[in-house]
Amino acid sequence: MSPKPVFFAALAIMLMLLAPASAENRGSPELKGKAAELIQDYAGKLKAALGAAMQSQGPEGALEVCNKQAPAIAAEVSQGSGWSVGRTSLKPRNTASAPDAYERNIMEAFDARIAKGEKVGDLVSAEVVEGDGAKTFRFIKAIPTGEMCMTCHGETVDPGLKQKILALYPDDQATGFKEGDMRGVFTLKKIIDAGAR
Ligand code: HEC
């Protein structure tokens with residue numbers, strides 16, 4: 001008798017066993033809900049700080065505010081929540097916001113989905129990742145480039161402003177975006193099982 005039918009039966013059973021496991025690895029509804037809530041808080045605070053600064057001080061003043069406030073707001077939202085909350089991009093302005101390998105993969109997958117016609121605002125990834133004996137919930141949500149963002153991230157940035165950007169961020173890659181492009185992502189992490197390390 002050929003071993004093939006046995007092999008395929010075993011494979012089918014393995015796939016059946018794997019399916020619920022991978023669904024579980026997307027994280028619980030509670031984790032996803034909390035992540036969405038933290039993003040709303042973080043995005044709201046960033047927008048308020050940026051909007052107020054753009055109105056009262058114009059782009060060059062707002063640049064300074066972004067430079068100081070953006071990392072402070074991320075730290076504030078992270079602190080006390082037990083989560084790590086931040087932003088990253090395939091073309092970062094702040095090198096401290098450069099992606100890790102996991103974030104890079106997810107953003108590249110998002111880019112492929114955008115190329116197939118999916119909307120930037122709909123792209124979300126939630127997954128429990130294992131490594132170093134720990135389990136970490138990772139939540140990533142795409143950030144579309146809006147009209148207001150073009151001043152500092154667009155294709156034509158005022159030369160004076162551009163100079164100020166480069167003075168603060170000599171390795172800036174975050175210009176040349178068009179409205180509607182994925183500017184980057186919100187990236188959240190929560191260790192859900194520190195394991196035995
Ligand atoms: C006044 C100029 C200015 C405007 C307007 C602006 N940004 Fe930024 N953006 C910055 C600066 C400065 C940083 C770097 C902040 C830091 O040091 O963490 C930044 C960083 C970011 C980052 C983090 C990743 C990275 O590249 O360092 C994202 C994502 C981002 N901006 C998206 C946006 C979006 C979306 C908008 C429109 C809603 C926007 N920005 C509008 C100046 C601006």
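Just the heavy atoms: all of them, side chains too, but no hydrogens, waters or symmetry mates, feed the values below. Fair warning: this is a prediction, and the values are worked out from it, not measured in the lab. Just follow the structure's listing: the first ligand is 1, and inside any ligand the first atom is 1.
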Trainee: Number the atoms of ligand 1 from 1 as they appear, then name those within less than 4.0 Å of a heavy atom of M148, with their elements.
Mentor: 5 (C)
Trainee: For residues 99-112, please give each side-chain donor-acceptor pair under 3.5 Å, one per line with the distance, not counting sequence neighbours.
Mentor:
residue : atom : partner : partner atom : Å
D100    : OD1  : Y102    : N            : 3.1
D100    : OD1  : E103    : N            : 2.7
D100    : OD2  : R138    : NH1          : 3.1
D100    : OD2  : R138    : NH2          : 3.0
Y102    : OH   : E127    : OE1          : 2.6
E103    : OE1  : D100    : N            : 2.8
E103    : OE2  : R138    : NH2          : 3.3
E103    : OE2  : T187    : OG1          : 2.7

Trainee: Checking the side chain of K32 only, and the main-chain atoms of A126 only, is there a donor and an acceptor separated by less than 3.5 Å?
Mentor: no
Trainee: What part of A53, side chain from CB on, backbone N/CA/C/O, both or neither, has a heavy atom under 4.0 Å from ligand 1?
Mentor: neither
Trainee: Spell out the protein N/O/S atoms under 2.8 Å from atom 8 (Fe) of ligand 1 as residue plus atom name.
Mentor: H153 NE2
Trainee: Select one of side chain, backbone, both or neither to describe which atoms of T151 lie under 4.0 Å from any atom of ligand 1, heavy atoms only.
Mentor: neither
Trainee: Say whether K47, considering both its backbone and side-chain N or O atoms, lies within less than 3.5 Å of an N or O atom on ligand 1.
Mentor: no
Trainee: Is it the side chain (CB and beyond), the backbone, both or neither of A62 that lies under 4.0 Å from ligand 1, heavy atoms counted?
Mentor: both
Trainee: Ignoring hydrogens and geometry, is there a side-chain-to-backbone donor-acceptor pair from R93 to C152 under 3.5 Å?
Mentor: yes
Trainee: I need the atoms of ligand 1 closer than 4.0 Å to a non-hydrogen atom of I143, numbered in the order shown.
Mentor: 29 (C), 35 (C)
Trainee: Backbone N or O of S97 within a donor-acceptor pair of the T88 side chain at under 3.5 Å?
Mentor: yes
Trainee: Can you name the atoms of ligand 1, numbered from 1 with element, that are less than 4.0 Å from a heavy atom of P59?
Mentor: 1 (C)
Trainee: Please set out all donor-acceptor pairs under 3.5 angstrom arising from side-chain atoms of residues 50-58, sequence neighbours excluded.
Mentor:
residue : atom : partner : partner atom : Å
S56     : OG   : A52     : O            : 3.0

Trainee: For P71 and N67, which heavy atoms make the closest approach, and how far apart are they?
Mentor: CD-O, 3.4 Å
Trainee: If you take all heavy atoms of F137 and G27, which pair is closest and at what distance?
Mentor: CE1-CA, 3.8 Å
Trainee: For the residue pair E60 and D158, what are the closest heavy atoms and their distance?
Mentor: OE2-OD2, 4.4 Å
Trainee: I'd like to know if P71 contacts ligand 1, where contact means a heavy-atom distance under 4.0 Å to any ligand atom.
Mentor: yes
Trainee: Starting from atom 28 (C) of ligand 1, locate the nearest protein heavy atom and write down its residue, its atom name and how far away it is, to 0.1 Å.
Mentor: R87 NH1, 3.4 Å
Trainee: Heavy-atom contact under 4.0 Å between P144 and ligand 1?
Mentor: yes
Trainee: Looking only at protein heavy atoms, which one is nearest to atom 27 (O) of ligand 1, and what is the separation?
Mentor: N94 N, 3.0 Å
Trainee: Can you tell me if F186 contacts ligand 1 (heavy atom of the residue under 4.0 Å from the ligand)?
Mentor: no
Trainee: So is T145 touching ligand 1 or not, going by heavy atoms under 4.0 Å?
Mentor: no
Trainee: State, to 0.1 Å, how close A43 and F186 come at their nearest heavy-atom pair, and which atoms those are.
Mentor: CB-CZ, 3.7 Å
Trainee: Minimum heavy-atom separation for A134 to A194, with atom names?
Mentor: CB-O, 3.7 Å
Trainee: Just grab all the salt bridge (charged side-chain N to carboxylate O under 4.0 Å, His left out) pairs involving residues 76-88, residues at least two apart or on different chains.
Mentor: K45-E76
Trainee: Locate the shortest heavy-atom distance separating M150 from F177; write the atom from each residue and the value.
Mentor: CE-O, 3.0 Å
Trainee: So do the side chains of F139 and I39 get within less than 4.5 Å of each other, counting heavy atoms only?
Mentor: yes
Trainee: If you count the atoms of ligand 1 from 1 in the order shown, which ones are under 4.0 Å from a heavy atom of Y169?
Mentor: 12 (C), 14 (C), 15 (C), 16 (C), 17 (O)
